[in-house]
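The next block holds one structure in the form of structure tokens; read it before the comments.
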Amino acid sequence: MRQLLIIDDQSILADDLADMIPWGEAGITNVYKAYSGQEALDIMNEQPIDVIITDIRMPGMSGLELIREVKRNWKHTKCILLSGYSDFEYTKQALQLQSSDYLLKPASDDELIGAVRKAIGDLEREWQEISSVQRAMYSLREQLPKLREYMLLDLLSGKQSAEPLRLMPKLTMYEIPFREGIPVHIMLLRLDDSEKLYEGGESEALIDYALANMAEEVFGEQLHLWHAKDTHGFLVCLLQAKSTAEVSTTESVEEWIERRAFQLQHVVKSYLRVGISVLTSKSGLFPAEAAPLYQASITNFRHFIGGEKDLYISLAKEPARGGAPQLINELHRPPTILQLLEVGQWDAARSKLDTIFHELETDWRDSQEHVLETYFTIAATLAALVHKNKQWLSDTIGDDFHAFANERPITAVDELRTWAYRIIENYKTSVSTEEKDSRSGIIRKVQEYIHEHLENASLHSISSHVFLNPSYLSKIYKTETGEGISEFMLRARMEKSAQLLSQTDEKIYEISQMLGYQKPSYFIQLFKKHYGLTPQEYRNKLQ
């Protein structure tokens, strides 16, 4: 999936370039357009753009200033300058900014398609080098990366002491540049539909290494990244700012991480051909708070992502939802039923139950103590999960509650199997209903906020209002309503403008400003596209 953004302050030219050229011939699947440099940056903060085509001379932010900002925040995005000015100075500056190409107006369709095709080819080569199997195989032969991975897993599980006097010398020995007392974030990466990759014959270790290598490329400019594969199947990354890192003064570290995580999802989708779900934690001091951050991240991954695919959330903007998961007991080796249900791995939980009951039938069918051990573990696990979700057990499992409260415990393997499968399915249904109701409430809050703030509503202000990061909010809104937030905002503003035109004597430029459009000409263009008439024609028709 490749995405193109076209920027020109002359909206007609931008529309023609976006709509009239067969961009699919260059490998482009989605085309966006903007009429100013700032609008282009807003789109890039929402959408992972591979290539931009921009005019040079625009009011406010020029094309060269835009490219400079793009290269600072999205170094892999390819930039093509399009201008009617053949001044050598522009060409020189474009080369200094590492523009992919420089075309003079009027450029032919073939020239534009060729320039974009070349830019996409350059991107392919860059990411192939980053994720190449050759690099992965060479690194895997080395022992140091594996030692670092084991050490991180031990630190997060509690096997490795977080006491600085014991930990820091090992970090130095393993060349891990993390510093005591400096904030860190946990990032969980989960490959979705990873079987697509393994069908091609690639080993799981090489795929994991390619993913980790891509993460290091995206985040490594300003953050140290320490990664390992855990028992849940997540690639766990510990992030800490480099001493020389300079995060933009206009955004927090969490916002910078969010933007880069969204970019990582895009490049993995484009170059590994598989989606990933990503969760990033709140910050905590290293090393004491690393393990609690990891446990909280595991818990919240199930709450906010679960079985959904291609999602990204940041716990920095989420309300607190419980602490670290409390394990009751281990029937067998990890992952336990509790761990699997915590992260919404329903099929894996069912397979785990199959394994448990097979062993019960094979080795302990006549042992009531072993059956009771299994029963009490499953019962306690479900009770803990339901209560953590602030629900009543009786409401979640219905008539089966009598086995917990009023009747004798289950002591037969066949009865226990039937009961366990049934209550786990009831729990899954309860979680799905809770998530659906939660999403409906979010959609309602978003729409109410937009109607109350038509003049200045933006994706950033809306996401802050509902305590969700912009990319996650955009995805669930589109999934639930079938339209994007920007589309709803446009429709709401157009409906409000029609109301003002019909019921008031406000001038058109005043209505434009009331709805947040600083340029009346742009408002008029949007209104005509929506209603087929200019605002004045619409008012005249009503009169």
Side-chain angles (χ1 to χ4, degrees), residues 1-37 39-56 58 63-64 66-67 70-71 74-86 90-91 94-95 97-132 193 196-197 200 214 262-275 310 478 484 486-487 529:
M1 184 178 70
R2 304 290 182 271
Q3 303 203 119
L4 172 67
L5 173 60
I6 297 171
I7 309 103
D8 198 310
D9 62 308
Q10 298 185 50
S11 57
I12 295 177
L13 295 179
D15 292 344
D16 285 346
L17 287 176
D19 301 333
M20 303 304 292
I21 295 178
W23 293 112
E25 295 180 8
I28 297 296
T29 54
N30 294 320
V31 180
Y32 298 89
K33 51 195 175 185
Y35 308 127
S36 69
E39 186 179 355
L41 293 177
D42 290 341
I43 291 174
M44 294 190 71
N45 278 318
E46 293 183 34
Q47 300 293 335
I49 300 298
D50 297 289
V51 183
I52 69 169
I53 299 176
T54 179
D55 191 13
I56 284 186
M58 296 184 294
L64 291 173
L66 171 62
I67 290 178
V70 168
K71 287 299 181 182
W74 301 277
K75 67 179 182 179
H76 291 290
T77 298
K78 299 302 177 185
C79 305
I80 300 172
L81 279 168
L82 185 62
S83 176
Y85 300 91
S86 56
Y90 287 116
T91 305
L95 292 173
L97 291 171
Q98 297 180 326
S99 297
S100 179
D101 217 329
Y102 183 96
L103 302 177
L104 295 178
K105 294 180 180 178
S108 67
D109 291 1
D110 289 342
E111 287 180 303
L112 289 165
I113 292 174
V116 171
R117 184 181 289 117
K118 175 180 176 297
I120 293 295
D122 292 341
L123 272 178
E124 291 278 358
R125 285 186 291 275
E126 286 179 12
W127 286 109
Q128 283 173 2
E129 180 182 353
I130 291 167
S131 62
S132 68
D193 299 324
K196 295 179 181 178
L197 290 170
M214 286 182 164
F262 197 39
Q263 181 185 355
L264 177 62
Q265 282 186 307
H266 175 64
V267 297
V268 171
K269 188 79 168 181
S270 298
Y271 300 99
L272 289 183
R273 306 294 191 271
V274 68
D310 299 339
K478 185 67 176 285
S486 59
E487 295 170 323
K529 185 175 183 180

Note to self: Nearest 0.5 Å, please: how far is CD in Glu124 from CG in Asp122?
What the structure shows: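 CD of Glu124 is found 10.0 Å from CG of Asp122.
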Next item on the list: Rounded to the nearest 0.5 Å, what's the gap from CG on Asp9 to CD on Glu39? Could you check?
Entry: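 CD of Glu39 is found 11.5 Å from CG of Asp9.
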Next item on the list: Quickly, which of Asp55, Asp16, Asp15 forms a salt bridge (Lys or Arg N to Asp or Glu O under 4.0 Å) with Lys33? Name it, please.
Entry: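 Of all the options given, the one that passes is Asp15.
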Might you point out which heavy atoms bring [X] and [Y] nearest each other, and give the distance in Å?
X	Y	value
Cys79	Lys71	SG-CE, 4.1 Å
Ala26	Ile120	O-CG1, 4.0 Å
Ile7	Met58	CG2-SD, 3.7 Å
Ala14	Ala34	CB-O, 4.4 Å
Ile52	Ile49	CG2-CG2, 3.8 Å

Sub-4.5 Å side-chain heavy-atom contact between [X] and [Y]:
X	Y	answer
Trp23	Ile6	yes
His76	Val267	no
His266	Gln47	no
Asn45	Trp74	yes
Gln3	Pro48	yes
Val31	Asp19	no

Does any N or O in the side chain of [X] come within less than 3.5 Å of the main-chain N or O of [Y], such that one atom is a donor and the other an acceptor?
X	Y	answer
Glu111	Ala107	no
Arg117	Gly27	no
Lys78	Ile53	no

Checklist line | Over-ring placement of Arg2 relative to Tyr271, 6.0 Å and 45° cut-offs | finding: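 Output yes; distance and angle both within limits.
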Notebook entry, point to check: Among Asp8, Leu17, Thr54, whose side-chain contact (heavy atoms from CB on, under 4.5 Å) with Leu82 holds?
Noted result: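 One option only clears the test, and that one is Leu17.
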Margin query: Around atom NZ of Lys529, are there more than 12 heavy atoms from other residues, nucleotides or ligands closer than 6.0 Å?
Written below: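 Counting neighbours around NZ of Lys529, 12 or fewer heavy atoms of other residues, nucleotides or ligands fall under 6.0 Å, so no.
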Next item on the list: Could you go through the side-chain contact (heavy atoms from CB on, under 4.5 Å) check for Ile80 and Leu112 one step at a time?
Entry: CA-CA 9 Å; Ile80 300 172; Leu112 289 165; 5.7 Å; no
